[in-house]
Q: 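A single structure is presented below for examination.
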Amino acid sequence: MSGTTGSEAYDGDDEHDHSGQGPGGPRGGGGSGPDHPQPPPRIPAPRISVEDGGLPLPAVPPDREQGEDVQGMRENLQESLRQDLQRLGELTGTAGPEPAPELEHPVLTSLLGAWALAACSAEETAAVEAHLGVCGTCADEARRLREAVGLLQRPDSLDLDPGLRTRVLERCLERRPPRIPVPDWALSYDAETARLDALLQDFGDAEWHAPVRLRWFGDEGTSNRRTTVAGVIAHLLAVDGLVAAALGLDDPLEEGGTPTPPQERTERYWRNAHFPPTRSVRGPWREQTHALVRTVSFTQGTGLLGVSYGGFELPLRDALVDRAFECWVHAEDIADAVDYPYEPPAPRHLHGMIDLAVRMLPGALAQRRQAGLAAPGGDSRHLVAAGRPGRSVRLEIEGRGGGDWLVPLDSPAAVGSAEHQVAHVALDDVEFCRLAAGHVSPREAAAGQVGDQGAIGDVLSAVASLSRL
């Protein structure tokens, strides 16, 4: 037969056809010829690319550029989004967001600086931010301006404000007063021990073994003792034990009988330690300070219980102020050793420390006079009856923790009198405390002085003699 059969059209694919059907119908149903046109192939031939076929590409209409197509698509999307938000607002009963105002490009460019500083209004901010999404040049300029604004800001310090703890505690106590409050005369000790403990909490081994030189003013001039940061905490632990023993708490030295002076207690504690003090001393010192504050808070006494320092005695309320003063002084010694700033106490606590030192001056003057260290006596220097006015020196302490005091010169039992004032001395509050701590000598103290120079020298020397290890 001269016609092309279905099997010939499919290159023998009929061999895999088990249905008995040919491309044109059942097998044997007829072939192809003039009366029988060839049926379409069952599997279409692969499509030929326009580029491979050699046919010319369709021409782009001259009135449609690619940029115009993208801009048109963006506008259509924005309009569609606006309509959808409007319909959503109608369905929910809420008004949709206000559209960004239409502003010209020069106006938007002039607003970039204000936008970077967050000084634009809400409408201007919306317009600028909408414009930055479609204008690459303005977006780059806005990014540079924001980076410049970041460079103008001062970096924040990582150190906490020294007064933060006090403000937080005051705020907390205002909202919920404590059932068992700390007595006013113990607040300075509580605050200074907490500040020192906060300074110590991040110390590593290198800081605990940093050398510290303790200084004080003795009868023969300035004295000093070399130790470490851990040794200073051991010294505070040993001397605070005098207050603990007076309150019936455990004494870290476990000494019975008459208490020994602070310097002897410290030397004994250092000698009895098998090894030099390390960071392990912080735990016992911290527990002892908490026990002292807790005990005086529960007792709620007047603080008149006597605390013996070996050579002299102080009421409990004055002893805790004295321990707060020494804690601050030695905390500054530690901070200097590790090169870290340390602020003075709160003004009201600093005032209490200065007031205690001034009240101890008449007794210190009498001791120095008995030891022959004060100016020689004369016709104008005489003892007066207890409670009677006598020669006085006006001590003016400047600063937030300062005040005015009249210090009697001739007798510890005398009363300071403005009518019998013979000299006037002015000192800064922190400078006065450093003089009382023995960190500066009487000659180095920056003081304004008017009047009897002998009386002034006696008073300043008596202030320095209050210092000890």
Q: Taking the side chain as every heavy atom from C-beta outward, state whether Tyr340 and Ile334 have any atom pair closer than 4.5 Å.
A: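 When only atoms from C-beta onward are counted, Ile334 and Tyr340 do not touch, as no gap falls below 4.5 Å.
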Q: State, yes or no, whether a side-chain contact exists between Val307 and Leu320 at a heavy-atom distance under 4.5 Å.
A: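 Contact flag for Val307/Leu320 side chains = no.
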Q: Are Asp322 and Arg468 ion-paired here, with the side-chain N under 4.0 Å from a carboxylate O?
A: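 Yes, charged N to carboxylate O under 4.0 Å.
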Q: Examine distances only and state if a side-chain atom of Thr289 and a backbone atom of Glu287 form a donor-acceptor pair shorter than 3.5 Å.
A: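 No; zero donor-acceptor contacts below 3.5 Å.
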Q: Determine the minimum heavy-atom distance between Gln421 and Leu406, stating which atoms define it.
A: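 So the two residues come closest at OE1-CD2, 4.1 Å.
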Q: With side chain to side chain contact (heavy atoms under 4.5 Å, CB included) as the criterion, how do Leu356 and Arg359 come out once you've worked through the C-alpha distance, each side chain's angles and the decisive distance to 0.1 Å?
A: CA-CA 5 Å; Leu356 173 61; Arg359 287 189 283 113; 3.8 Å; yes
Q: Take Thr278 and Thr228 through the test side chain to side chain contact (heavy atoms under 4.5 Å, CB included) and record every step on the way to the result.
A: CA-CA 9 Å; Thr278 63; Thr228 63; over 6 Å; no
Q: Walk me through whether Val407 and Leu365 qualify under side chain to side chain contact (heavy atoms under 4.5 Å, CB included).
A: CA-CA 10 Å; Val407 181; Leu365 281 167; 4.3 Å; yes
Q: Compare every heavy atom of Val358 with every heavy atom of Leu395, then report the nearest pair and how far apart it is.
A: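 Minimum heavy-atom contact is CD2-CG2, 3.9 Å.
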Q: Report the relative orientation of the aromatic rings in Trp270 and His235; use parallel for angles under 30°, tilted for 30 to 60°, perpendicular for over 60°.
A: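 Plane angle between 30° and 60°, so tilted.
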Q: Counting N and O atoms only, with roles assigned by atom type, does the side chain of Glu264 sit under 3.5 Å from a partner on the main chain of Pro261, one being a donor and the other an acceptor?
A: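 No, Glu264 side chain to Pro261 backbone: no donor-acceptor pair under 3.5 Å.
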Q: Above 12 or not: heavy atoms from other molecules or residues under 6.0 Å from CG of Asp339?
A: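 12 or below, so no.
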Q: With side chains defined as the heavy atoms from C-beta onward, is the minimum distance between Gln263 and Arg225 less than 4.5 Å?
A: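 Side-chain contact under 4.5 Å: no.
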Q: Has Asp140 got more than 12 heavy atoms of other residues, nucleotides or ligands less than 6.0 Å from its CG?
A: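 Count over threshold, so yes.
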Q: Does atom CG (Asp250) have a neighbourhood of more than 12 heavy atoms from anything else shown, all under 6.0 Å?
A: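 Open.
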Q: Is there a side-chain contact between Leu460 and Gln449 in this structure, where contact means two heavy atoms from C-beta onward sitting under 4.5 Å apart?
A: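 In contact.
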Q: Where is the tightest heavy-atom contact between Leu111 and Cys120, given as atom of each residue plus distance?
A: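 Nearest heavy atoms, Leu111 then Cys120: O-SG, 3.8 Å.
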Q: What I want to find out is whether Arg400 reaches Asp429 closely enough, with some N-O distance under 4.0 Å, to be called a salt bridge.
A: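 No, this pair does not count.
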Q: For a side chain to side chain donor-acceptor pair (under 3.5 Å) check, start with the C-alpha distance between Trp405 and Asp355, then their side-chain angles and the critical distance, and finish with the verdict.
A: CA-CA 8 Å; Trp405 289 267; Asp355 180 71; 3.1 Å; yes
Q: State the CG-CD distance between Leu196 and Gln201, to the nearest 0.5 angstrom.
A: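 Reported value, rounded in 0.5 Å steps: 11.0 Å.
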Q: How far apart are the closest heavy atoms of Gln288 and Ala244, and which atoms are they?
A: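 That closest heavy-atom pairing would be OE1-CB, 4.3 Å.
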Q: Enter the distance from Asp318:CG to Trp185:CH2 here, rounded to the nearest 0.5 Å.
A: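 Between Asp318 CG and Trp185 CH2, I get 10.0 Å after rounding to 0.5 Å.
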Q: Judged by atom type as modelled, is there a donor-acceptor pair below 3.5 Å linking the side chain of Ser308 to the main-chain atoms of Pro259?
A: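 Not a single qualifying donor-acceptor pair exists.
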Q: Check Glu207 with Arg282, please: is the shortest side-chain N to carboxylate O separation under 4.0 Å?
A: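 A salt bridge is absent here (no side-chain N lies under 4.0 Å from a carboxylate O).
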Q: Calculate, to the nearest 0.5 Å, the distance between atoms OG and CG belonging to Ser297 and Asp190 respectively.
A: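 Between atom OG of Ser297 and atom CG of Asp190 there are 7.5 Å.
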Q: Does Arg146 qualify as a cation-pi partner of Trp115, given the criterion of NZ or CZ under 6.0 Å from the six-membered ring centre and within 45 degrees of its axis?
A: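 Yes, Arg146 sits over the ring of Trp115.
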Q: Evaluate the side-chain proximity of His105 to His131: yes if any heavy-atom separation is below 4.5 Å, no if none is.
A: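 Contact flag for His131/His105 side chains = yes.
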Q: State, to 0.1 Å, how close Ser392 and Gly416 come at their nearest heavy-atom pair, and which atoms those are.
A: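 Answer, listing the atom of Ser392 first, then Gly416: OG-CA, 3.2 Å.
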Q: Do Glu170 and Arg167 sit within salt-bridge range, that is, some charged N less than 4.0 Å from a carboxylate O?
A: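 Arg167 and Glu170: not salt-bridged.
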Q: Could you measure the distance from the OH atom of Tyr342 to the CZ atom of Arg195? Nearest 0.5 Å is fine.
A: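 Separation between the atoms: 4.0 Å.
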Q: Between atom CZ of Arg317 and atom CG of Leu305, what is the distance when rounded to the nearest 0.5 Å?
A: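 Atom-to-atom, Arg317:CZ and Leu305:CG are 12.5 Å apart.
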Q: Do Met353 and Trp328 pass the side chain to side chain contact (heavy atoms under 4.5 Å, CB included) test, and can you show the C-alpha distance, the side-chain angles, and the key distance before you say yes or no?
A: CA-CA 10 Å; Met353 297 174 189; Trp328 163 48; 4.1 Å; yes
Q: Which residue, Val243, Val321, Leu292, forms the side-chain contact (heavy atoms from CB on, under 4.5 Å) with Tyr189?
A: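 Of the listed residues Val243, Val321, Leu292, the side-chain contact (heavy atoms from CB on, under 4.5 Å) partner of Tyr189 is Leu292.
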Q: Could you grab the distance from atom OG of Ser465 to atom CG of Asp458, nearest 0.5 Å is fine?
A: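 Here the interatomic distance stands at 10.5 Å.
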Q: Taking the basic N atoms (NZ, or NE/NH1/NH2) and the acidic carboxylate oxygens, is any pair closer than 4.0 Å for Glu147 and Arg144?
A: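 Looking at Glu147 and Arg144, the cut-off is not met.
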Q: Hey, does Asp251 have a side-chain heavy atom less than 4.5 Å from the side chain of Arg265?
A: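 They are in contact (side-chain heavy atoms under 4.5 Å apart), so the answer is yes.
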Q: On a heavy-atom basis, which atom in Ala116 and which in Val149 lie closest, and how many Å separate them?
A: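 Taking Ala116 first and Val149 second, the nearest heavy atoms are O-CG2, 3.9 Å.
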Q: What I'd like to find out is whether the side chain of Leu132 reaches to under 4.5 Å of the side chain of Leu112, using heavy atoms alone.
A: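 Heavy-atom side-chain distance check passes, below 4.5 Å.
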Q: Compare all side-chain heavy atoms of His290 with those of Thr193 and state whether any distance is below 4.5 angstrom.
A: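 They are not in contact (no side-chain heavy atoms under 4.5 Å apart), so the answer is no.
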